[in-house]
Peer 1: 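A single structure is presented below for examination.
Given the structure is predicted, the values throughout are model-derived calculations rather than measurements. Every chain is numbered from 1 and lettered A, B, ... according to where its sequence line falls, protein lines coming before strand lines.
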Amino acid sequence: MYFSKLFIPTLKESPADAEVTSHKLMVRAGMIRQLASGIYSILPLGLRVLRNVEKIIREEIDQIGGQEVFLPSIQPAELWVESKRWDFYGKELLRIKDRNNREFCYGPTHEEVITDIIRKEVKSYRQLPILLYQIQTKFRDEVRPRFGIMRGREFMMKDAYSFHADEKDTQHTYHQMAQAYTNIFNRCGLKFKQVQADAGAIGGSFSHEFTVLADSGEDEIGFCEICGYASNLELAESKPPFPNITPSIQQDLKEVETPGKKSVKEVAEFLNFPERQIVKTILFENENGLVAGLVRGDHEINPVKMKNLIGCEWLHPAEQEILAKYPELHSGYVGPIDLKLPVYADHEISVLHNFVIGANKPSTHFTGVQVERDFKIEKLGDIRTVRADDPCPRCEKGTYHVKRGIEVGHIFILGTKYSSAMKAVFLDQQGKENSMIMGCYGIGVGRTAAAAIEQNHDERGIVWPRNLAPFQVIIIPVNYSNEELKNVCDSIYNRLKEMGIETLLDDRSDRLGVKLKDADLIGIPLQIIIGPKNLATRQVEIKTRKTNESNLHSYPEIIEDIPNILKGL
RNA sequence: CGGGACGUAGCGCAGCCUGGUUAGCGCACUUGACUGGGGGUCAAGGGGUCGGAGGUUCAAAUCCUCUCGUCCCGACCA
């Protein structure tokens with residue numbers, strides 16, 4: 001490809017509305033342009049990168065028996081009503097009406113469509129398992145789209161769905177898929193972790209996320225470097241406490257005044273207790289009303305883990321307006337003693353003695369509190385968010401490391417959530433009707449490309465991992481209008497093309513500096529710089545974008561060696 | 001949805017508070033000349049519903065109201 005023929009509008013300055021590096025660089029490198037909030041046009045250079053991601057995905061998913069399909073983006077409401085998600089999905093579902101006033105949505109995901117196909121066509125265990133996938137744009141009307149293509153409303157996604165006759169077979173595919181994902185992200189040149197994850201709104205029993213490590217990421221993950229345990233922080237298990245020996249002196253419950261001291265920090269300072277000796281009571285609301293959660297003062301409560309412990313449909317922090325309806329609750333002084341709400345406590349509480357807790361009375365706390373003696377716990381469990389350096393829950397010696405990351409892939413075992421709601425059933429060997437067991441497996445294609453930039457860039461621009469790079473090599477003549485340079489460039493270009501190497505030739509009449517800046521910005525792994533002085537001694541300069549180091553090599557011999565150099569990158 | 005900010009040429013911004021010539025600057029763009037190993041120089045140019053609507057005023061980019069859009073923080077989220 002000749003640079004002058006390529007539509008690649010590069011920018012010197014970053015757009016004002018871009019925040020993260022990948023967004024800035026993708027716009028500056030002429031890969032994307034915004035059309036509306038969270039909606040982007042993909043320009044030729046950007047598309048080449050996305051196609052590379054897609055190609056890797058296709059190869060790996062095909063490898064484990066996936067078959068590609070292309071599904072409608074506009075989906076009828078009835079399907080979503082059937083799966084009960086028409087209401088549940090909320091405002092993120094972009095709803096539209098056709099000329100006959102029939103309701104549709106722009107698909108945010110395709111469980112319903114794929115389940116509909118399978119239930120109509122598959123009747124027997126003999127036809128299972130089936131693994132189908134699609135790579136298409138989807139639309140989720142995000143509350144707050146941000147970070148360019150990383151979290152757009154319209155986005156390119158690979159979604160795979162599998163249907164099985166039994167649980168064991170589902171797990172088999174799940175594990176194959178996990179391996180395929182590992183291969184995919186390795187081939188994309190990413191540093192990532194497979195972490196245990198919450199299934200969230202999509203439902204299901206078992207799931208993992210693939211998270212690319214990056215400080216700009218929105219997710220936090222906790223992992224142990226000794227045993228390899230890794231989990232999204234919203235799910236990461238905390239190690240149960242060692243049972244504490246009851247202290248010889250068990251203090252009596254005592255009411256103390258704590259005028260105006262509401263936060264753990266204030267109370268701890270005022271009473272001269274360590275924060276870990278204070279217990280916080282946090283109120284949540286779920287489908288059954290208010291519930292209370294207890295964690296140690298120096299810990300943070302984790303709503304996802306709490307929801308899982310309770311086993312409720314949903315759980316939100318209680319709103320101030322709701323609290324106003326309960327005159328017995330005093331913000332900052334809520335406690336479990338004589339509280340007429342179900343109380344869920346973190347397991348660390350079980351080994352605490354003589355602690356401090358709100359007294360349900362303004363400006364008052366209790367000291368000398370003991371679990372069981374002073375209040376009852378509905379259920380004890382792991383409901384706090386783990387921190388760096390907390391002990392690993394799976395091994396003896398390890399401790400947690402906490403890092404930020406970008407979720408680029410997510411795999412789920414769905415069970416029969418959709419198949420039973422939508423009656424996707426089959427007859428087993430005994431002629432008995434069963435719901436199919438499903439798995440679903442997503443990868444954000446654009447997000448993967450953006451994550452690659454977050455992880456691979458420098459102050460000059462993008463440094464593409466070789467397999468994602470829009471071109472492998474860029475030829476930069478100091479002056480293309482010089483007949484001799486032009487001939488050399490053209491012949492190198494043609495030879496590389498013959499060798500099947502995607503090559504860009506910067507034939508523009510701009511000065512060298514401009515061409516070098518652009519080459520650095522768009523991040524092509526290898527630059528071949530051709531100038532008259534070096535050429536006079538039969539040499540060309542080869543620069544590796546990753547290291548920004550360049551060396552002279554004798555020409556034309558070096559050209560035959562380019563494939564090897566690329567392999568080593 | 002709550003809080004905050006911004007909208008002036010393709011991009012980045014100044015001007016607005018304190019209303020008053022023809023609305024500026026840098027980059028980009030066009031033409032020409034010189035130049036040619038890290039965004040070069042000089043000269044001459046083109047490009048604006050000042051987001052939109054309404055209002056105040058002799059006069060509005062500037063003040064007021066409404067509205068649309070975009071971004072940030074939070075809540076939310078495969």
Peer 1: Pairing donors with acceptors under 3.5 angstrom, does anything connect the side chains of A:Tyr418 and A:Arg119?
Peer 2: no
Peer 1: So which nucleotide from B:G38, B:C72, B:C77 ends up closest to the side chain of A:Glu142?
Peer 2: B:C77
Peer 1: Ignoring the backbone of A:Asp518, work out which of B:G36, B:G39, B:C72 is nearest its side chain.
Peer 2: B:G39
Peer 1: Counting the benzene-type ring for Trp, do A:Tyr174 and A:His164 have ring centres under 6.0 Å apart?
Peer 2: no
Peer 1: Across all strands shown, which nucleotide pairs with B:C63 by Watson-Crick or G-U wobble geometry, both distances under 3.5 Å?
Peer 2: B:G55
Peer 1: Let's see if you can work this out: which of B:C76, B:G36, B:C73 has an atom nearest to the side-chain heavy atoms of A:Arg144?
Peer 2: B:C73
Peer 1: Answer with yes or no whether A:Arg151 presents, from its side chain, a donor or acceptor under 3.5 Å of a partner atom in the base of B:C77.
Peer 2: yes
Peer 1: Does the structure show a Watson-Crick or G-U wobble partner for B:A78, both distances under 3.5 Å? Name it, or say none.
Peer 2: none
Peer 1: Indicate whether the side chain of A:Asp141 and that of A:Tyr89 have a donor and an acceptor atom separated by less than 3.5 Å.
Peer 2: no
Peer 1: Given B:C71, B:A78, B:G38, which nucleotide is nearest the side-chain atoms of A:Leu516?
Peer 2: B:G38
Peer 1: Check every strand shown and say whether A:Ser509 touches a base, only sugar-phosphate, or nothing at a heavy-atom separation below 4.0 Å.
Peer 2: base
Peer 1: Touch check for A:Arg460, heavy atoms < 4.0 angstrom, all strands: base, sugar-phosphate only, or nothing?
Peer 2: base
Peer 1: Distances for protein N/O vs nucleotides 40-48 of chain B N/O pairs under 3.5 angstrom?
Peer 2:
| unit_1 | atom_1 | unit_2 | atom_2 | d |
| --- | --- | --- | --- | --- |
| B:G40 | N9 | A:Arg511 | NH1 | 3.4 |
| B:G40 | N7 | A:Arg511 | NH1 | 3.4 |

Peer 1: Would you indicate what A:Arg33 reaches in the nucleic acid, counting non-hydrogen atoms under 4.0 angstrom: base, sugar-phosphate, or nothing?
Peer 2: nothing
Peer 1: Do any side-chain nitrogens or oxygens of A:Gln34 fall under 4.0 Å of OP1 or OP2 in B:G69?
Peer 2: no
Peer 1: Sort out the partner of B:A5 for me: Watson-Crick or G-U wobble, both distances under 3.5 Å, none otherwise.
Peer 2: B:U70
Peer 1: Has A:Lys515 got its NZ or CZ under 6.0 Å from the middle of the six-membered ring of A:Phe3, at an angle within 45 degrees of the ring axis?
Peer 2: no
Peer 1: When you measure only distances, ignoring hydrogens and angles, does the side chain of A:Asp510 come within 3.5 Å of the base of B:G39 through a donor and an acceptor?
Peer 2: no
Peer 1: When you measure from the side chain of A:Asn186 to the backbone of A:Thr182, do you find a donor-acceptor pair of N or O atoms at a distance under 3.5 Å?
Peer 2: yes
Peer 1: Paired with B:C29: which nucleotide, if any, by Watson-Crick or G-U wobble criteria at under 3.5 Å for both distances?
Peer 2: B:G45
Peer 1: Run the ring pair (Phe, Tyr, Trp, His ring centres under 6.0 Å) check on A:Tyr441 and A:Tyr133 step by step: do they pass?
Peer 2: CA-CA 9 Å; A:Tyr441 321 90; A:Tyr133 74 97; over 10 Å; no
Peer 1: Looking at B:G74, B:G36, B:A78, which one has an atom nearest to any side-chain atom of A:Arg146?
Peer 2: B:G74
Peer 1: Return yes if a side-chain donor-acceptor contact under 3.5 Å exists between A:Glu454 and A:Ser22, otherwise no.
Peer 2: yes
Peer 1: With both distances kept under 3.5 Å, what pairs with B:C13, Watson-Crick or G-U wobble?
Peer 2: B:G24
Peer 1: Looking only at side-chain atoms of A:Leu512, point me to the closest of B:A75, B:G36, B:G38.
Peer 2: B:G38
Peer 1: Hey, does A:Ala18 reach any base, or is it just sugar-phosphate, or nothing, if we go heavy atoms under 4.0 Å?
Peer 2: nothing
Peer 1: What does A:Asp159 touch in the nucleic acid at a heavy-atom separation under 4.0 angstrom: a base, only the sugar-phosphate, or nothing?
Peer 2: nothing
Peer 1: Polar atom pairs between nucleotides 10-16 of chain B and protein, under 3.5 Å, N or O only, would you list them?
Peer 2:
| unit_1 | atom_1 | unit_2 | atom_2 | d |
| --- | --- | --- | --- | --- |
| B:G12 | OP1 | A:Ala16 | N | 3.0 |
| B:G12 | O2' | A:Glu13 | OE2 | 3.2 |

